Amino acid sequence: MHDLAQFFTNGYFRFVQPNGPEVVDRVLAAANRLRAAYPNGFDHSEGFGSTKMLPRTTPPLPNDRAPTLIYHNAGFIEPDLFLPLQNPAVYETIERVVGRDFYLSNVWLQVVPPGTGRMGYHKDEHGSVSITMPLDDIGWRSGSTCLVPGTHRNTPPPVFCMSNIMLDHKREAQLTGAAGDVIFFTPEAWHGRAENSTDTSTCRLFFNFYSRSSRDSTRWSPCIPAEQVAHAAEVIPFPYRHMFRIDPAPRSENLQQSKFMAWVTHNGSSSSSSALSALLREYFYWKGAVKAPIGTDARGTDLPSYRTTITESERFSVFYYIRHLDPVRTIKNTVRLSLEYWMSVCRLRAKPLEKGGE
């Protein structure tokens, strides 16, 4: 097991070439076959976990809302893409962060064409860990994931903390690397995607994992048949194949919670919630859900729901939370949300009048 102190402190960690050249070559060949068969990627208007495996008929444009090529569920089409998960160091790191009975929540291949702009900073749901594996040598401003170190710990959503979430952050780290490197990061940190200012496309493979105490569904289960899942699982050792099993473990006591805390923790993504809702979710998550430290080794125990061990010793601090807020940004968001609320109220009040005048 590698020393994960950097991961726990900064929110990301790189394994330099943990797999042999044979594994890397097989992964690259699988990715190339997928890209040749579907040169425009799959439609991902429903997000990276779209339940429909529909090939795009045209390539994305730099000014599109989603300007990258996405191959969601890629590993179930080309099972060799799962080969990095057979590495004991990779497996044990996932286990160390999200607990021993984890499962694969999502897998996708992403191609970032030249000239593609940035994806704005955001936070994703609590309780997971992600891996990105460059399939090209990816340098600075080449379309890699970008992340602000340390922002996975007791922070509001970035939309309330940055003057513009579409700009680079002064402390930004870009998860660059050589083809075959394996980079862990926490989606709970402020993260996005850097622009690709080069003249070539860059390609990366992604995995996301959850503890069964936090989630009981996957992005891929609605559209991948059981026999296809079993075939894909054969590329990794038998003891590791539990990550492809989607039946949930018995719910922990933490999941048997009030409706309020269920709202705080379940699907608490600052990228899918309204800005104000995301701010309140984060505040009450840190204030209420994170109460006690987790044991130093998650491999022998079940984790509390919606927790990872990278925040195991965290304590909530109102001062630390509030000091991240950008006053101007917070005021603007508050005014905008208030106006949107009152406009919606006025529309509702006007509807009976409109109906009566027909």
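These numbers come from a predicted model, not from an experiment.
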Are Phe82 and Ile77 joined in one hydrophobic group, where the rule is that I, L, V, M, F, W and Y side chains link up if heavy atoms are under 4.5 Å apart? yes
Do Tyr103 and Leu81 belong together in a cluster built from hydrophobic side chains that touch within less than 4.5 Å? no
Can you classify the ring geometry of Tyr285 versus His126 as parallel (below 30°), tilted (30 to 60°) or perpendicular (above 60°)? parallel
Does Thr57 offer a backbone N or O that forms a donor-acceptor pair with the side chain of Asn40 under 3.5 Å? yes
Is there a donor-acceptor pair under 3.5 Å between the side chain of His72 and the backbone N or O of Ile70? no
Once you measure the plane-to-plane angle for Tyr240 and Tyr91, does it fall in the parallel (<30°), tilted (30-60°) or perpendicular (>60°) bin? parallel
Hydrophobic clusters here meaning ILVMFWY residues chained together by side-chain heavy-atom distances under 4.5 Å, can you tell me if Tyr320 and Leu325 are in one? no
Counting only N and O atoms by type, is there a donor-acceptor contact under 3.5 Å from the side chain of Asn19 to the main-chain atoms of Val24? no
Is there a path of hydrophobic side-chain contacts, each under 4.5 Å between heavy atoms, that joins Met133 and Met243? yes
Knowing that exactly one of Glu234, Arg241, His242 qualifies, which makes a side chain to side chain contact (heavy atoms under 4.5 Å, CB included) with Phe238? Arg241
Do Ile138 and Phe184 share a hydrophobic cluster, counting only Ile, Leu, Val, Met, Phe, Trp and Tyr and linking them when any side-chain heavy atoms are less than 4.5 Å apart? no
side-chain contact (heavy atoms from CB on, under 4.5 Å) evaluation trace for Phe207 with Leu104: CA-CA 7 Å; Phe207 304 98; Leu104 174 74; 4.1 Å; yes
Would you check if the side chain of Glu95 reaches a backbone N or O of Phe102 as a donor-acceptor pair within less than 3.5 Å? no
Considering the options His191, Arg171, His324, which one meets the side chain to side chain contact (heavy atoms under 4.5 Å, CB included) requirement together with Thr151? Arg171
Would you please say whether a donor-acceptor pair under 3.5 Å links the side chains of Glu78 and Tyr71? no
Any donor-acceptor pair under 3.5 Å linking the side chain of Arg153 with the backbone of Phe8? yes
So, the side chain of Asp124 versus the backbone of Glu188: is there a donor-acceptor pair under 3.5 Å, distance only? no
Is it true that Phe316 and Trp286 have ring centroids separated by less than 6.0 Å? no
